[in-house]
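Written below as structure tokens is the structure these notes are about.
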Number of protein chains: 2
Amino acid sequence: MAEGGVGPVGGENLLFLTDEQLRKGIEAMFFAYRGFTADPDRILERHDYGRAHHRAMHFIHRSPGTTVNNLLAILGVTKQSLNRVLRTLIEDQLVESRVGRRDKRERHLFLTEKGAQLERELSEAQRGRMRAAYRAAGPQAVAGFRQVLEAMMEPEMRRQYMTLKDAGA
Amino acid sequence: MAEGGVGPVGGENLLFLTDEQLRKGIEAMFFAYRGFTADPDRILERHDYGRAHHRAMHFIHRSPGTTVNNLLAILGVTKQSLNRVLRTLIEDQLVESRVGRRDKRERHLFLTEKGAQLERELSEAQRGRMRAAYRAAGPQAVAGFRQVLEAMMEPEMRRQYMTLKDAGA
DNA sequence: TTGGAAAGTCAACAAGGCTGACATAAAATC
DNA sequence: GATTTTATGTCAGCCTTGTTGACTTTCCAA
């Protein structure tokens, strides 16, 4: 392992790159992610759903009419895994699956009114915490937060993220 | 839900608090967390362990001699869940469990040389990505990154994090 | 017309969460 | 000294969410 960033590297004094700093960042990610999912998890439990259902609903809400294949690529799970989740959401009438008009093999996914309601409840809870954190940290910190997260993504996922990122706003 | 931060709030123009900005932050967390765990996951698979083993080893490395109860509080899982993981780590001689000297009910946990080796392999992989992200984003972004994450934690977890945070450095 | 992509289904399995019940040893308290 | 509490471990069973593999149906496109 050798040094790995402790002390001057390449002539610059990159104190924020010490192993100790990196460890703190790693633990920050770990603990923060728990907070990040805590509020939706509580709501999901009441409705007898899990995180997988939340993720599916989030991205269907985000890109209405998206296909199963698109969703698979974004969520990074197997179709069998996603299918189980989608099946219950469709049975419970939170999601509607419409056969593609141009390509009838494809299924286009939409939230029903009922589904949109739950999605709203979940994302409001999640945004609530996010908003509080953003407000506490300030706009400059938020910019840095996003920069580091983007640099941390797998290239494939960064592509997915960037595509979505600017689509709406 | 009403507005929720879109447009001017309280006289200030808090553009970074719009629902759209918050959604981007939420997706950034989702995609980045996948990157965050990707490298260790690959290594763990080779060794037939899971993320749970990594987490346990990380915090035992971080606080050698910590007790089972301490670890439970940090990891936020049940003792049955943790025990299953610890048992295999002890069987495989990656972790050593020593009966407490002052309080013989307690077990103090340590990494063996073999355990320390795997921990090093895992954390080097994870730090590698972290270091690249930090370097790409720069020190100011890193400070913001940490600020937002800390503000996002559950208060209880923030306490755990802060306690660990300054312990070593 | 036929190959292959998209989607769905079934079966089986594993990791890692959970609850509840129970055992043991040791510490703490009455 | 007896009782209660604490720390840990363990057994059994359940759930969610991931996996692989095999197979079918539909239907677009070469």
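Sequence lines set the chain letters: A, B, ... in the order given, protein chains first and strands last, and positions in each chain run from 1. Source: prediction; values computed, not measured.
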CA sep, side-chain torsions, deciding dist, call: B/Gln21, A/Arg146, side chain to side chain contact (heavy atoms under 4.5 Å, CB included): CA-CA 10 Å; B/Gln21 288 294 318; A/Arg146 289 262 298 274; 3.4 Å; yes
Polar side-chain atom of B/Arg127 near backbone of A/Arg23 as donor-acceptor pair, under 3.5 Å: no
Could you give the [atom1]-to-[atom2] distance, from [X] to [N], as a whole number of Å?
{"X": "B/Leu82", "N": "D/dG9", "atom1": "CG", "atom2": "C1'", "result": "11 Å"}
{"X": "B/Arg51", "N": "D/dT19", "atom1": "CZ", "atom2": "P", "result": "11 Å"}
{"X": "B/Leu72", "N": "D/dT8", "atom1": "CG", "atom2": "P", "result": "7 Å"}
{"X": "B/Asp41", "N": "C/dA15", "atom1": "CG", "atom2": "C1'", "result": "12 Å"}
{"X": "B/His47", "N": "C/dA14", "atom1": "NE2", "atom2": "P", "result": "21 Å"}
{"X": "A/Leu86", "N": "C/dA6", "atom1": "CG", "atom2": "P", "result": "17 Å"}
{"X": "A/His54", "N": "D/dT16", "atom1": "NE2", "atom2": "C1'", "result": "16 Å"}
{"X": "A/Leu44", "N": "C/dG17", "atom1": "CG", "atom2": "P", "result": "18 Å"}

[N] phosphate, OP1 or OP2: any side-chain N/O from [X] under 4.0 angstrom?
{"X": "B/Arg55", "N": "C/dG17", "result": "yes"}
{"X": "A/Ser81", "N": "D/dT17", "result": "no"}
{"X": "B/His53", "N": "C/dG16", "result": "yes"}
{"X": "A/Arg107", "N": "C/dG8", "result": "yes"}
{"X": "A/Asn69", "N": "C/dA5", "result": "no"}
{"X": "B/Asn83", "N": "D/dT8", "result": "no"}

Name of the residue among B/Tyr33, B/Phe59, B/Tyr161, B/Phe36 meeting ring-ring contact (aromatic ring centres under 6.0 Å, His included) with A/Phe30: B/Phe59
Sugar-phosphate, base or nothing in reach of B/Arg84, heavy atoms under 4.0 Å: base
Touch class at under 4.0 angstrom, heavy-atom based, for B/His108 against every strand present: nothing
Can you tell which of [options] lies closest to the side chain of [X]?
{"X": "A/Lys104", "options": "D/dC11, D/dC28, C/dA27", "result": "D/dC28"}
{"X": "A/Ala52", "options": "C/dA27, C/dG16, D/dT17", "result": "D/dT17"}
{"X": "B/Val68", "options": "D/dC28, C/dA7, D/dG9", "result": "D/dG9"}

N/O donor-acceptor pair, side chain B/Gln80 with base D/dG13, under 3.5 angstrom: no
Presence of donor-acceptor pair under 3.5 Å, side chain of B/Lys79 and base of D/dT8: yes
Residue whose closest nucleotide on DNA chain D lies nearer the 5' end, A/Thr78 versus B/Arg105: B/Arg105
First encountered from the 5' end of DNA chain D, between A/Arg102 and A/Gly76: A/Gly76
A/Glu27 side chain reached by B/His58 side chain, heavy atoms, under 4.5 Å: yes
Polar side chain donor-acceptor pair, B/Thr88 to B/His53, under 3.5 angstrom: yes
Exercise: identify the closest heavy-atom pair between A/Thr163 and A/Arg159: OG1-O, 2.7 Å
